[in-house]
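As the structure lists them, so they are numbered: ligands from 1, and atoms in each ligand from 1.
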Amino acid sequence: MNALRSTVKPAPAPALDVERIRADFPILKLRVNDHPLVFVDNAASSQMPQQVIDRWVKYQTSEHANIHRAVHYLSETATAEYEIARRKVQAFVNAKEDREIIFTSGTTEAINLVMHGYGRKFIGRDDEIILTTLEHHSNIVPWQMLAEEKGAKIRVVPVNDRGELLIDEYRKLFNSRTRFVGVMHVSNALGTINPIREMIAIAHGHGVPVLVDGAQAAPHMSIDVQDLDCDFYAFSGHKMCGPTGIGVLYGKADLLERMQPYKGGGDMILSVTFEKTTYAPIPAKFEAGTPPIAAAITLGAAIDYLNAVGMDRIAAHETDLLDYATDQVHRMPGVRIIGTAEKKAAVLSFVVDGVHPHDVGTLLNEDGVAIRTGHHCAQPVMQRFGIPATSRASFAFYNTMAEVDALVASIRNVQKVFL
Ligand code: PMP
């Protein structure tokens, strides 16, 4: 963060014109079970505005060809647009260089890339990897696979009853065998915003690199990887108004250069003989084969859209939605909120006494309300709270206070049916 950003308080941004924004999203006009759709499952995947859909169509109808390969008009256009998209991502997370941005299929692939490219090269027997109780399975399972292969160990940062990481316990986990830290920026199951800047500084004090799973942060707040000083930052396009099949791995250039490639194939080489292959420089080294060209370019359009709305205004509106929903649900007898951290993003996980979350989800769907129920690919968090599953409403900037009211009314209905 530069001096100006840290000392000058910005003027408050004007509130969002949510109705105008909603008009951009064709899918939000749907009716489900004779009710207006109330889509509050944005942590799983968000919706696309027309401007982003149009970018996809434009690519398919007037720009499509394979990239980096031919000198004809379409290939050159597609290549240029793909690289423009990379620079949009670079600016979005404030990376120093565009070659630090690797396109992947999503957060999951980005983390697997780091596990294979960094972990398999630099982590060995009896080495230790620190993860947290909050992690999504995609930031647990790859490291378990590595630990099993190498004989390494996983150490886990515990959480308190509010769902906040215990930073003193985190500090105590470091020792001379610690080689890597993986931590999510925002919890998809509870909404906790983790103090990753502080956690990264602690890890760096021990010379240990940090991967941040930003899948639930990138859509909701401005990200500055240089300010955070993270070594890797991963996120998915489909959670930030972009298409499925595209994600991003940011990595510091010097680390990416020292890593081994994760997939071999075309486009990631300088030269190939049967005796020896030399690899292309980053980012190509990590983008073997034909990448998701259309999806990357469309993600660029999604970033344009989010920037036009304004990440600070998005964060402010989502905080209002969360506060309003939390206040109402908190006052409902027989409903318990899981995850009450002081710093939270727009995720409201709850359990309704005596009703299985799947039944909550099914009944809410009858009212046109789309939530997610289950363990949210975060079974260790559920175990920590002694529950098998929760119901989770997760908000986006296009949600309204009236939709929160509809959600709350629908939860009341569930209680009427079951109790
Ligand atoms: N991490 C977190 C915190 C997530 O919420 C998700 C998606 N639920 C993922 C990783 C995985 O993202 P993807 O499925 O797009 O790879």
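- Residue contacts with ligand 1 include Ser138, since one or more of its heavy atoms lies under 4.0 Å from the ligand.
- Taking the six-membered ring where tryptophan is involved, the planes of His206 and Phe174 are essentially parallel, since the angle between them stays under 30° and well short of 60°.
- If you look at Asp213 next to ligand 1, the close heavy atoms, those under 4.0 Å, all belong to the side chain.
- Close approach to Met184 involves these atoms of ligand 1, each under 4.0 Å from a residue heavy atom: 3 (C).
- Annotation: atom 4 (C) of ligand 1 to nearest protein heavy atom, His136 CD2, 3.3 Å.
- Side-chain atoms of His68 and Glu83 include a donor-acceptor pair closer than 3.5 Å.
- Heavy atoms of Lys239 found under 4.0 angstrom from ligand 1 belong exclusively to the side chain.
- Judged purely by atom type and a 3.5 angstrom limit, Thr108 has no side-chain atom pairing as donor or acceptor with the backbone of Ser138.
- Each of the atoms 12 (O), 13 (P), 15 (O), 16 (O) of ligand 1 lies under 4.0 Å from some heavy atom of Ser236.
- For His238, the closest heavy-atom approach to ligand 1 falls below 4.0 Å.
- At a cut-off of 3.5 Å, with distance as the only test, a side-chain donor of Asp405 or Gln328 sits close to an acceptor on the other residue.
- A salt bridge links Glu109 and Lys263; the closest N-O separation between the charged side-chain nitrogens and carboxylate oxygens is under 4.0 Å.
- Between Gln216 and ligand 1, an N or O atom pair is found at a separation short of 3.5 Å.
- Atoms of ligand 1 found under 4.0 Å from any heavy atom of Thr108 (numbered from 1 in listed order, with element): 11 (C), 12 (O), 13 (P), 14 (O), 16 (O).
- Asp231 and Tyr118 form no side-chain donor-acceptor contact under 3.5 Å, judged by distance and modelled atom types alone.
- Stacking of Arg258 on the aromatic ring of Phe122 is recorded, both the 6.0 Å distance cut-off and the 45° axial limit being met.
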